[in-house]
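Have a look at the structure below, then the notes.
These figures come from a predicted structure and were not determined experimentally. Below, chain A is the first sequence line, B the second, and so on; all start at residue 1.
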Amino acid sequence: VADVAGAADTSNRTDAFFYLSGKAERNFNRTDHEVDGSEASPSVDALITSSIGQFRGLAEYLLTDDEHDLERFELGWAPDEDTMVWIGRYHRPYSYGNTLHHHGQYLQTTIERPALEEWEDDDGYLPAHATGLLMETHQTSETGSGLHVALAAGAGTVLDENGLKPFDVLHPESGHDLGGDLRVAYLPDALGENSIGASVSYSKMECKSCESSAPPLSDLYLGTASGYVDWRLHQWHLLSTVIYARGELNHTDGSSSDQSFWSGYAQVEFAASDRWTAYVRQENRWGDRNSEYLTYFRDSISQASIAGIRFEFLRRQALTLELSREHSPADDFSKIAIQWSALVP
Amino acid sequence: MIARLAASAILALIALASSSARAADVVVLVANPELAKLDISSVTVRKVFLGLPARRGDVEVHGLRNATDPQLTDIFLQTVVSMSAWSYDRRLLAQALQNGAPLPVEISNREELVRRLTADPGALSYMWYRDAVRYPGIKIVRVIWRSD
């Protein structure tokens with residue numbers, strides 16, 4: 001009995017992680033040179049993972065002062081050691097940054113996420129969540145390099161006057177059409193963290209009360225193609241993504257328009273030690289003026305220059321100070337933010 | 001004559017002590033006897049301790065981190081995963097975050113470690129050679145570090 005129990009202890013495992021953070025920030029409007037607002041926001045992101053033989057489960061629930069959402073809920077099966085098939089609500093794999101990070105803050109070096117990887121309910125202008133099937137596979141070559149492929153298809157987002165709305169497992173609504181993704185990445189060391197990759201995605205979205213457009217929108221098709229690099233060399237870390245998005249917007253009167261825009265960022269980090277990291281990031285978006293789609297995201301950041309420093313202390317705790325100058329279609333401001341983040345246990 | 005004998009005895013003791021020290025400073029990879037029969041490459045070992053799934057035949061391999069001795073942990077980080085403790089911690093957390101990968105079990109009691117190695121046909125760990133030879137229920141796979 002003891003033997004069986006011992007084996008079960010090792011192969012079946014459930015872990016719970018609580019990502020805590022508190023952030024205070026102050027905005028200075030660059031147009032009228034006045035303080036635009038201050039904000040303090042706490043958050044708890046609970047991540048529960050479970051592994052039973054070839055099966056795996058993952059749930060992520062976010063609780064903040066203004067939202068509480070089941071962000072991910074996935075059940076997985078590993079037909080072999082290099083393949084996982086998931087069903088549930090996942091972060092869409094065409095966006096590398098969205099699969100690298102999550103809704104907790106501690107494992108993310110910066111305070112602010114790049115605008116092109118921002119979540120739907122934080123002024124994100126590209127779909128980040130979907131509910132359906134996700135398959136990931138890793139292949140290792142004889143030389144030790146690796147190829148990672150992620151393929152996904154599921155119910156995506158709808159667009160309304162307030163931006164994108166992903167399919168919510170706890171509050172399912174109709175109108176969420178299909179979104180599909182493919183990402184291919186090359187890793188020089190299959191077990192390492194450096195990778196370079198490319199992805200494509202497709203989203204069909206129903207538009208609800210999209211009356212900012214004249215005539216109003218009925219639905220749209222959004223396609224993306226992107227490339228990314230995530231590279232570490234000694235104390236340096238480069239993380240960069242460039243994405244091309246093309247949309248076909250259909251209006252209620254039967255007319256349609258075809259528009260595109262580009263977006264990208266480059267983030268460079270320097271780890272002076274395990275405790276101290278300095279970073280800078282530059283973000284840009286091109287094509288705002290010609291994009292009817294982006295008029296639904298007037299608060300999304302189209303340009304940003306960010307610099308910050310992060311200090312790790314005690315066990316899994318960090319303080320981050322970040323300065324930024326940001327521009328959105330609606331605003332132009334500078335910001336100072338300080339954040340405490342931690343992981344328990 | 002007595003002085004020469006005493007000197008020889010002291011030299012012999014020093015040599016013996018030095019030889020025991022060398023024998024003690026060896027770290028070995030250990031496994032359940034079922035798993036030890038199979039080929040366990042260094043890539044598999046690294047994979048297992050990075051929290052990635054690994055199978056050999058029908059056996060799912062599980063890494064058990066030996067936390068009974070801080071020096072052993074340092075040697076493990078240096079030779080098996082080639083990372084600092086901080087980087088290793090972040091890497092495991094990132095894997096759990098991205099795909100729900102279970103963290104390798106960490107065990108700080110040697111008897112418990114041996115019990116799990118004996119019970120689980122896929123269990124893999126590391127320990128001082130001097131400790132490994134005391135437990136007939138586990139198998140030494142190979143040497144992963146020696147002091148010289």
Side-chain angles (χ1 to χ4, degrees), chain A residues 2-15 17 19 45 47-54 56-60 72 74-76 78 80-84 86 90-91 99-104 106-107 134 136 138 140 144 189-193 232 271 273-275 312 315-316 343, chain B residues 32 34 41-65 80-107 112-125 137:
Chain A
D3 284 359
V4 172
D9 287 352
T10 308
S11 57
N12 303 336
R13 182 89 191 264
T14 297
D15 294 302
F17 306 92
Y19 289 83
D45 186 65
L47 180 75
I48 296 171
T49 64
S50 192
S51 185
I52 302 171
Q54 289 173 259
R56 208 178 274 180
L58 184 157
E60 182 181 0
R72 283 190 291 168
E74 300 173 44
L75 297 172
D80 60 58
E81 70 177 44
D82 296 315
T83 306
M84 278 298 298
W86 296 96
Y90 53 84
H91 289 160
T99 56
L100 189 66
H101 295 124
H102 68 143
H103 298 263
Y106 173 72
L107 288 178
L134 165 66
E136 294 177 288
H138 301 260
T140 305
D189 171 3
L191 302 181
E193 292 180 284
R232 288 168 177 78
S273 68
D274 281 350
R275 291 189 180 277
E312 293 255 352
R315 179 179 152 81
R316 295 174 177 168
L343 168 59
Chain B
N32 180 285
E34 289 301 309
S41 67
S42 55
V43 172
T44 302
V45 175
R46 198 170 151 223
K47 215 171 165 181
V48 165
F49 285 105
L50 286 175
L52 297 167
R55 284 186 203 156
R56 281 293 157 270
D58 292 334
V59 180
E60 190 180 331
V61 188
H62 307 118
L64 303 176
R65 288 183 61 193
V80 177
V81 292
S82 307
M83 289 181 187
S84 68
W86 181 85
S87 300
Y88 182 56
D89 187 49
R90 281 188 75 94
R91 174 72 191 269
L92 293 180
L93 293 172
Q95 302 243 131
L97 171 82
Q98 287 159 25
N99 54 32
L103 308 185
V105 178
E106 192 172 298
I107 301 169
E112 172 64 11
L113 177 66
V114 170
R115 185 188 73 78
R116 292 214 188 190
L117 277 165
T118 311
D120 180 356
L124 184 71
S125 189

- Task: Keeping the roles fixed (side chain from A:Arg56, backbone from B:Asn99), state whether a donor-acceptor pair exists under 3.5 Å.
- Result: yes

- Item | Contact class of B:Leu52 relative to chain A, heavy atoms under 4.5 angstrom | side chain

Could you tell me which portion of [X] (side chain, backbone, both or neither) has an atom closer than 4.5 angstrom to a non-hydrogen atom of chain B?
| X | result |
| --- | --- |
| A:Arg275 | neither |
| A:Asp15 | side chain |
| A:Glu60 | neither |
| A:Ile48 | neither |
| A:Asp45 | neither |
| A:Leu191 | both |
| A:Tyr106 | both |

- Query: Just how far is it from atom CG of A:Asn12 to atom NE2 of B:His62, taken to the nearest 0.5 Å?
  - Reply: 8.0 Å

- Calculate, to the nearest 0.5 Å, the distance between atoms CG and CG belonging to A:Leu343 and B:Asp89 respectively. 8.0 Å

Over all heavy atoms of both residues, which pair between [X] and [Y] is shortest? Give the atoms and the distance, please.
| X | Y | answer |
| --- | --- | --- |
| B:Ser84 | A:Asp274 | OG-OD2, 3.4 Å |
| B:Leu97 | A:Arg72 | O-NH2, 2.7 Å |
| B:Pro104 | A:Arg13 | C-NH1, 3.8 Å |

- Item | ring-ring contact (aromatic ring centres under 6.0 Å, His included) partners for A:His138, two or more places apart | A:His148

- Excluding sequence neighbours, so at least two apart, what forms side chain to side chain donor-acceptor pair (under 3.5 Å) with A:Glu81? B:Lys47

- Flag the pair B:Arg90 and A:Glu193 as a salt bridge only when some basic side-chain nitrogen lies within less than 4.0 angstrom of an acidic carboxylate oxygen.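 So B:Arg90 does not pair with A:Glu193 through a salt bridge.
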
- Mind ranking A:Leu107, A:Asp82, A:Leu100 by heavy-atom pairs under 4.5 Å with chain B and telling me who comes out on top? A:Leu107

